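Step one of this worksheet: look at the structure below.
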There are 2 protein chains.
Amino acid sequence: MIRLSTKSQYGVRAMYEIACGYPDRPVSAPLISEKQDVPVPFLEQILTKLRKAGIIKSVKGPGGGYLLNGSPESITIWDIVEQLDGPMAITSCLDPQKGCVRIDNCVTHLLWKSLGNHLKDFLSTISVNDLVNGVILEKIGLEKAG
Amino acid sequence: MIRLSTKSQYGVRAMYEIACGYPDRPVSAPLISEKQDVPVPFLEQILTKLRKAGIIKSVKGPGGGYLLNGSPESITIWDIVEQLDGPMAITSCLDPQKGCVRIDNCVTHLLWKSLGNHLKDFLSTISVNDLVNGVILEKIGLEKAG
DNA sequence: AAATAATTGACAAATTTAGTAGGGTATTAT
DNA sequence: ATAATACCCTACTAAATTTGTCAATTATTT
């Protein structure tokens with residue numbers, strides 16, 4: 001099964017909520033948790049990663065929460081997924097840390113590499129703003145969305 | 001991490017070997033195992049699935065093995081992956097058996113659905129024959145393959 | 001009959017993912 | 001100041017999935 005981790009799914013949904021507070025209203029973890037049905041401690045792990053990646057920033061204290069660290073247009077779904085689950089490698093032999101033993105005579109190496117690139121390209125075309133504005137349908141085209 | 005299971009990877013590599021015997025030379029599991037570094041028992045699980053799906057057929061007895069059940073042009077990578085890991089659902093909420101509780105107010109549902117369609121479309125354009133003939137580069141385009 | 005090779009189903013190890021637990025730290029409102 | 005809010009961090013556990021093994025059987029050809 002090719003499956004996106006729930007961590008990434010939660011992350012994208014969290015980013016949606018944070019984007020709703022753009023540009024100046026911090027969104028707290030408990031609020032995101034409630035709206036998106038994500039356990040707070042798990043959510044905090046996710047938000048910490050995104051913060052360290054510079055995608056969001058945080059405000060402490062009462063009334064605090066998380067804010068986008070850039071415009072909703074500039075942050076793509078790929079940015080989020082890459083930080084949470086990356087470095088993305090469709091197959092383990094594409095994992096930069098492991099390398100491919102069979103690379104020279106592997107008939108499929110190129111195929112998987114290309115698949116990964118396709119995925120990246122697609123997710124890079126969708127921004128958080130598209131999510132908020134529901135622009136996805138237009139970008140994707142109706143014939144595929146059915 | 002978005003990752004393709006090794007089962008599917010093994011399956012595609014196995015199909016490559018079987019395709020090399022096309023149209024009439026059966027390829028045995030031990031031979032595939034040796035050439036592609038896949039444990040025989042695990043390989044047999046995979047081949048059984050593909051046979052039941054009608055993608056390949058088998059010949060028993062000495063000199064027996066597996067044969068494509070169609071032309072290499074007609075079998076796509078998607079066909080293989082779908083049978084081994086399917087029904088593919090990028091996210092669990094797209095799993096037909098589970099369904100999505102949040103579907104009405106889920107801001108990302110459409111996104112994941114579309115991503116799955118993209119993936120399917122891409123893998124459906126690559127045939128087993130492309131693998132054997134090394135046509136992938138041309139189909140994909142050099143700028144992506146880098 | 002004997003050798004070869006597919007076929008089957010149950011089982012087990014390993015890995016990854018998902019989620020908990022619990023304490024600590026910074027900030028702001030009162 | 002102090003209490004409340006909410007972020008921050010490390011380590012651990014549980015669940016699920018993936019990956020692989022084992023043992024026995026069936027079918028076919030030589």
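Basis for what follows: all heavy atoms, side chains included, without hydrogens, waters or symmetry-related copies. So you know, we letter chains A, B, ... as the sequences are listed, proteins then strands, and number each from 1. Here the structure is a predicted model, which is why all the values come from computation and not from measurement.
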Protein-nucleotide distance ([X], atom [atom1]; [N], atom [atom2]), rounded to Å:
X       : N      : atom1 : atom2 : value
A:Gln9  : C:dG19 : CD    : P     : 10 Å
A:Leu43 : D:dC8  : CG    : P     : 12 Å
B:Arg3  : C:dT16 : CZ    : C1'   : 10 Å
B:Leu4  : D:dT17 : CG    : P     : 17 Å
A:Leu84 : C:dT16 : CG    : P     : 18 Å
B:Lys52 : C:dA6  : NZ    : P     : 16 Å
A:Tyr10 : C:dG19 : OH    : P     : 4 Å
B:Ile46 : C:dT7  : CD1   : P     : 14 Å

So what does [X] hit on the nucleic acid, given a heavy-atom distance under 4.0 Å: a base, only sugar-phosphate, or nothing?
X       : answer
A:Pro26 : nothing
B:Lys57 : nothing
A:Pro39 : sugar-phosphate
B:Lys49 : nothing

Give me the atom names and distance for the closest heavy-atom approach of B:Thr76 to B:Leu123.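 What the structure gives for the nearest pair is CB-O, 3.8 Å.
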
On a heavy-atom basis, which atom in A:Ala29 and which in A:Leu43 lie closest, and how many Å separate them?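 Closest pair (atom of A:Ala29, atom of A:Leu43, distance): O-CD2, 3.3 Å.
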
For A:Val59 and for B:Pro62, find the nucleotide of DNA chain D with the closest heavy atom, then tell me which residue's nucleotide is more 5'.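 Its nearest nucleotide being more 5', the pick is A:Val59.
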
Nearest-nucleotide 5' precedence on DNA chain D, A:Ser28 against B:Phe42: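 On the 5' side of the pair lies A:Ser28.
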
Main-chain N/O of B:Ser127 paired to B:Asp130 side chain as donor or acceptor, under 3.5 Å: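 Present.
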
Of all the choices, C:dG19, D:dC9, C:dT7, which nucleotide is nearest to the side chain of B:Tyr66 once you look at every atom?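 Shortest atom-to-atom distance from the side chain points to C:dT7.
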
Report the nucleotide, chosen from D:dC9, D:dG20, C:dA6, that has the shortest atom-to-atom distance to any side-chain atom of B:Thr6.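 Of all the options, the side chain of B:Thr6 is nearest to D:dG20.
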
Quick one: does B:Gln45 reach the base of D:dT21 with a side-chain donor-acceptor pair under 3.5 Å?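 Yes, a donor-acceptor pair under 3.5 Å.
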
Are A:Arg51 and D:dC8 close enough that a side-chain N or O sits under 4.0 Å from OP1 or OP2?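 Checking A:Arg51 against D:dC8: at least one side-chain N or O falls below 4.0 Å of OP1 or OP2.
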
Below 4.0 angstrom from OP1 or OP2 of C:dT7, is there any side-chain N or O of B:Ser58?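 Result: yes.
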
Does A:Lys60 or A:Glu44 map to a spot on DNA chain C nearer the 5' end, using the closest nucleotide for each?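 Checking each residue's closest nucleotide, the 5'-ward one belongs to A:Glu44.
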
CA sep, side-chain torsions, deciding dist, call: B:Tyr22, B:Ser71, side-chain contact (heavy atoms from CB on, under 4.5 Å): CA-CA 8 Å; B:Tyr22 185 80; B:Ser71 74; 3.8 Å; yes

Counting only heavy atoms not in A:Glu34 (residues, nucleotides, ligands), do more than 12 fall under 6.0 Å from its CD?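 Open: at most 12 neighbouring heavy atoms sit under 6.0 Å from CD of A:Glu34.
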
